Amino acid sequence: MMLPIFSFVSKLGGLCISQSVKIPREPRPGEFDKIIRRLSENPNARVVIIFANEDDIRRLLNAAKKANQTGHFIWVGSDSWGSKISPILNQEEMAEGAVTILPKRQSIRGFDRYFISRTLENNRRNIWFAEFWENNFQCKLSRHAVKKGSGIKKCTNHERIGKDSSYEQEGKVQFVIDAIYAMAHALHNMHKDLCPGKVGLCSRMETINGTLLLKYIRNVNFTGIAGTPVIFNVNGDAPGRYEIYQYQITNNNTEYKIIGHWTDQLYLDTDEMQWPGATQEVPSSICSQPCRLGQRKKTVKGIPCCWHCENCDGYQYQADTYTCKMCRFDLRPNANHTGCDPIPIVKLEWSSPWAVIPVLIAVLGIMATLFVVVSFVRYNDTPIVKASGRELSYVLLTGIFLCYATTFLMISTPDVVICSLRRIFLGLGMSISYAALLTKTNRIYRIFEQGKMSVSAPRFISPASQLVITFSLISVQLLGVCIWFGVDPSQAIIDYEDQRTANPKMARGVLKCDISDLSLICLLGFSMLLMVTCTVYAIKTRGVPETFNEAKPIGFTMYTTCIVWLAFIPIFFGTSQSAEKMYIQTTTLTISVSLSASVSLGMLYMPKVYVVLFHPEQNVPKRKRSLKAVVTAATMSNKFNPKGGLRPNGEAKSELCESLETQGRYHA
């Protein structure tokens with residue numbers, strides 16, 4: 001047989017067992033030291049409930065004393081401990097604060113009168129009474145049992161209980177008497193039912209049926225010797241009536257003090273309780289400290305009362321005591337990770353430095369473009385303006401204006417309308433610009449290639465033809481955009497992955513148009529193709545004399561533009577993983593588009609405007625020659641004297657363009 005010891009810790013809603021240790025019936029040396037070591041494995045579990053006999057209790061307290069655990073354990077003893085002195089004798093400090101119970105009892109005075117009157121002469125029927133007499137009076141009944149020097153005397157038979165020895169009524173006397181009466185009542189009731197009206201046992205009770213007798217015992221109901229009712233429930237248990245004691249030490253005075261009782265329910269006077277160190281602060285017995293907000297409990301295997309606290313980190317929140325869950329994609333955990341809050345939505349603001357610089361460039365560019373347009377309209381019929389190809393110039397200036405205006409669409413708050421306009425105009429402005437430049441360089445290339453073989457004018461070089469070619473190229477861009485609208489209508493979206501950082505506090509949802517990086521490449525792809533083709537023609541016409549055409553300024557324009565976009569590509573796509581992706585890419589794209597427009601505006605039109613406004617003496621008509629004469633002069637000048645055609649007023653170039661314009665009206 002083994003007696004258990006339970007180490008208890010508190011948990012939410014009650015108690016739980018940290019560990020259970022059993023005391024062997026015959027413990028080996030060091031067994032109790034081993035038990036104390038096991039109970040000390042979890043230093044936070046301090047409350048120990050003991051179901052053991054008083055000798056084992058004494059040895060357990062002694063082992064705790066040797067382990068220097070005075071005041072650490074809070075003992076809770078069963079009724080086998082009760083209010084006894086023997087388990088705690090000479091180790092009272094180890095039992096301080098111990099809580100014990102005893103069945104609620106009352107001293108039976110009649111039993112006291114009877115018992116203290118017992119002597120060896122009037123109590124011979126009790127075969128154990130002689131042994132009790134010797135132990136109680138520390139004497140021996142037999143002379144031969146007395147040894148010299150042992151200090152034990154021979155009993156005189158004149159000793160009296162309570163007079164020559166201490167006496168205190170055993171606490172369970174009341175219950176023994178009530179148990180005997182319960183048996184008597186059960187037999188009496190059984191006799192009335194089985195042997196009605198007969199004195200003594202009848203044949204039906206000669207052999208007692210134990211099951212039937214148990215039924216009668218459970219059905220008894222009488223008032224016990226102490227005046228309390230004696231009844232049993234369906235399980236055969238009597239009502240629990242206990243007194244609760246606590247062993248207290250106050251000013252070196254020790255006592256078992258009644259601190260409460262149990263009669264159908266618990267009554268505890270906590271003001272009367274006192275813990276080790278003479279304090280009234282209730283000691284804690286807990287394996288693990290409560291987890292903070294935003295932490296979940298991870299139970300230690302095999303010890304349900306103990307746990308580790310784990311943070312709900314990242315985008316997790318504390319769903320319940322033991323579970324962390326991920327917040328929804330558009331939410332992030334709050335400050336203490338007990339719930340989820342909406343992720344803030346960001347967009348490129350007009351006041352942001354990322355927007356101020358592109359807007360400033362765009363505003364200056366639009367002002368410069370309008371200045372050039374006004375100058376060209378004002379001097380529309382002058383040779384310089386005519387020589388630049390007025391129709392294509394206005395188309396090109398329109399494209400430049402749209403390139404600058406695109407900046408405002410890229411920074412505006414995305415919605416369905418803004419996103420649709422972005423799809424249309426982001427590529428359209430560049431397509432218009434490079435379609436016009438490509439048409440112009442192609443015309444120059446064909447004219448001088450034709451001039452090498454013949455002086456007859458090439459086909460489709462009139463202004464009307466050039467406009468048809470230009471708008472045909474532009475229509476390809478518009479057709480692609482229309483197809484895109486049909487396949488995937490534009491919309492504004494909130495991208496929660498773009499700025500979903502490792503730190504949820506920095507997470508942002510980005511309000512943007514549903515234009516992916518691949519879609520952007522496709523949108524600008526046709527413009528890039530026009531730009532590359534125009535650059536190729538600019539290279540092919542690089543040998544044509546500068547004074548006879550715009551090939552070289554266009555060439556420089558295209559070389560510079562290519563450099564701008566070659567720089568754009570690594571910056572744009574190299575920041576795809578950056579937290580500032582939205583700002584960097586938008587700013588890079590708008591500045592690149594504006595710079596492309598600025599290069600075209602600065603290299604192709606500012607010199608003309610300068611001449612028109614500040615050197616009007618150079619902007620005068622010259623004598624006109626036939627197209628054959630002009631082309632022949634330009635070709636021969638290039639062949640024999642590459643620099644011979646340099647004239648400050650650009651006479652040959654103006655004459656060439658005017659002749660082409662005039663001839664084109666008749667040969668288109």
Side-chain angles (χ1 to χ4, degrees), residues 7-19 40-47 281-355 413-415 491-517 574-587:
S7 176
F8 273 69
V9 294
S10 64
K11 69 174 183 179
L12 186 63
L15 303 173
C16 68
I17 300 175
S18 174
Q19 57 179 317
S40 301
E41 289 176 356
N42 186 353
N44 292 324
R46 298 177 58 193
V47 176
E281 182 180 354
V282 180
S284 64
S285 179
I286 184 170
C287 178
S288 302
Q289 295 296 325
C291 293
R292 298 193 302 272
L293 292 175
Q295 293 182 331
R296 75 176 186 95
K297 292 181 181 178
K298 183 179 180 181
T299 305
V300 178
K301 186 177 181 180
I303 309 178
C305 310
C306 302
W307 58 81
H308 299 302
C309 295
E310 289 188 349
N311 291 325
C312 295
D313 51 10
Y315 288 84
Q316 295 179 330
Y317 71 98
Q318 184 184 4
D320 54 46
T321 304
Y322 299 96
T323 309
C324 292
K325 290 185 178 180
M326 293 292 294
C327 289
R328 206 173 59 202
F329 73 95
D330 58 339
L331 302 176
R332 65 179 182 180
N334 55 24
N336 53 20
H337 286 258
T338 56
C340 297
D341 295 332
I343 295 177
I345 308 302
V346 298
K347 60 182 182 64
L348 186 57
E349 301 290 345
W350 292 98
S351 58
S352 170
W354 296 98
T413 301
D415 55 28
Q491 58 180 336
I493 62 172
I494 300 176
D495 187 352
Y496 291 98
E497 295 297 327
D498 197 30
Q499 292 194 27
R500 191 177 180 85
T501 58
N503 183 2
K505 293 181 180 179
M506 305 302 296
R508 298 291 184 272
V510 179
L511 178 62
K512 64 180 185 178
C513 295
D514 61 335
I515 302 177
S516 64
D517 292 347
T575 57
S576 59
Q577 302 300 321
S578 172
E580 305 290 335
K581 171 185 175 181
M582 174 186 68
Y583 306 107
I584 297 176
Q585 290 190 342
T586 302
T587 302

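Note that the structure is predicted; figures quoted are calculated from it, not measured.
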Given Thr586, Val510, Leu511, the one that forms side-chain contact (heavy atoms from CB on, under 4.5 Å) with Lys347: Leu511
Met506 atom CE, over 12 foreign heavy atoms within 6.0 Å: no
Lys512 vs Ile493 side-chain heavy atoms within contact, under 4.5 Å: yes
Spatial distance of atom CG (Leu348) from atom CE (Met582) [nearest 0.5 Å]: 6.0 Å
From Asn503 atom CG to Asp313 atom CG, the distance as rounded to the nearest 0.5 Å: 11.5 Å
Heavy-atom closest pair, residues Ala507 and Thr501: N-OG1, 3.5 Å
Check: Pro283 and Arg46 side chains under 4.5 Å, non-hydrogen atoms: yes
Minimal non-hydrogen separation, Glu349 against Ala355, with atom names: O-CB, 3.2 Å
For Arg500 against Ile343, the heavy-atom pair lying closest together: NH1-CD1, 4.3 Å
Nearest heavy-atom neighbours spanning Lys297 and Tyr322: O-CD2, 3.3 Å
Atom of Pro504, atom of Gly314 and distance for their closest heavy-atom approach: CG-O, 2.9 Å
Residues that Cys340 engages under side chain to side chain contact (heavy atoms under 4.5 Å, CB included), provided they are two or more places apart: Tyr317, Cys327, Leu331
Inter-residue atom distance Leu293.CG - Cys312.SG, 0.5 Å rounding: 10.5 Å
Gap separating the CZ atom of Arg296 from the CD atom of Gln316, nearest 0.5 angstrom: 8.5 Å
Test side chain to side chain contact (heavy atoms under 4.5 Å, CB included) applied to Asp341 - qualifying residues, sequence neighbours left out: Asn334
Reference residue Gln295; test side chain to side chain donor-acceptor pair (under 3.5 Å); the match among Thr321, Asn311, Asn336: Asn311
Interatomic spacing from NE2 in His337 to CZ in Arg332 - rounded to 0.5 Å: 10.5 Å
Nearest-0.5 Å distance that lies between atom CG in Asp415 and atom CD in Gln491: 12.0 Å
Student check: side-chain heavy atoms of Ile494 and Asp330 closer than 4.5 Å: no
Working for side-chain contact (heavy atoms from CB on, under 4.5 Å), residues Arg292 and Gln318: CA-CA 10 Å; Arg292 298 193 302 272; Gln318 184 184 4; over 6 Å; no
